[in-house]
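Data block below; observations after.
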Amino acid sequence: MDAAPLYEVFSSIQGEATRVGERHLFVRLAGCDLECAYCDTPASRKTPLCCRAHFPAGVEEIPNPLAPATLDAVVRRLDEEAGPHHALSITGGEPLLFVDYLRPLARGWRERLPVLLETGGHRPAELERMLDAVDIVMADIKIASSAGEANATPLDTVRAFLALAARKECAVKVVVSQRTTAGEVAEIAALAHETAPDAPFILQPVEGARFGPPTGDHLLALQSACLRIHPAVRVIPQTHKAIHVR
Ligand code: SF4
């Protein structure tokens, strides 16, 4: 792939899942094949005219699409100017739409930093091709009560995806809303425990979305239902929003 659409590149604090609190260099691709009701980066589903590269001295706008060498130069410069970083997070949009572009780049970045892939759990064939270029897989499994019925990932696809992700450091995240039932998350927890038993299972309360967040009592009930099946169930909200970083 000669070039790909980028939304932004920046250095910040990882606000989600098991690597929460670490300093990461984020590479956000533009473009997604889903329309989750809770999407917190809806603008990244479309290609902007320019990728915004957030350097410490200011934002630089780079016309889209970016050739691999251009993105690689941005990443290396940002790591030098804003690092050190614990890891590099590839996010989106949906990064697995761009495997041919990302794979050689990520293999190079791994020589400097662990590479974390933030992705939905709906593209196992693409994950398999990307797996040798990443160290950590954060799978955001889409369920109907938070992502919307049309975006929920079939259980067979989730199973195939997690079986591959389990070959790496991995975490399974499910965004939950006031509509989410114990049975719905317990079904995913059972599947995750079966296919990726070492991966922590994370319930993330939805924020600012079409379907509102669960109450505290509701969250406790969802966690209890999952803990009866899976020993490593954590509730972790999006912490970067609480500390007002990107
Ligand atoms: S997969 Fe991610 S970027 Fe795409 S719509 Fe869902 S939350 Fe938004």
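Atoms within each ligand, like the ligands themselves, are counted from 1 in listed order. It should be emphasised that the depicted structure is a prediction, and the values quoted were computed from it without experimental measurement.
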| N-O pairing of Glu22 and Arg19 below 4.0 Å | yes

| Salt-bridge criterion met for Arg76 and Asp79 (N-O under 4.0 Å) |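 Salt bridge flag = no for Asp79 with Arg76.
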
| request: Determine, for Phe201 and Arg234, whether the Lys NZ or Arg CZ falls below 6.0 Å from the six-membered ring centre while staying within 45 degrees of the axis. | output: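 Output no; distance or angle outside limits.
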
| said: Tell me if the CD atom of Glu35 is crowded by more than 12 foreign heavy atoms within 6.0 Å. | reply: no

| Side-chain heavy atoms under 4.5 angstrom apart, residues restricted to Ile, Leu, Val, Met, Phe, Trp, Tyr: same cluster for Leu127 and Tyr101? |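 As far as the 4.5 Å side-chain criterion goes, Tyr101 and Leu127 are connected within one cluster.
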
| His193 and His230 aromatic ring geometry - parallel, tilted or perpendicular at 30°/60° bounds |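 Because their plane-to-plane angle lies in the 30° to 60° range, the rings of His230 and His193 count as tilted.
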
| request: May I ask you to list the protein N, O or S atoms found at less than 2.8 Å from atom 8 (Fe) of ligand 1? | output: Cys39 SG

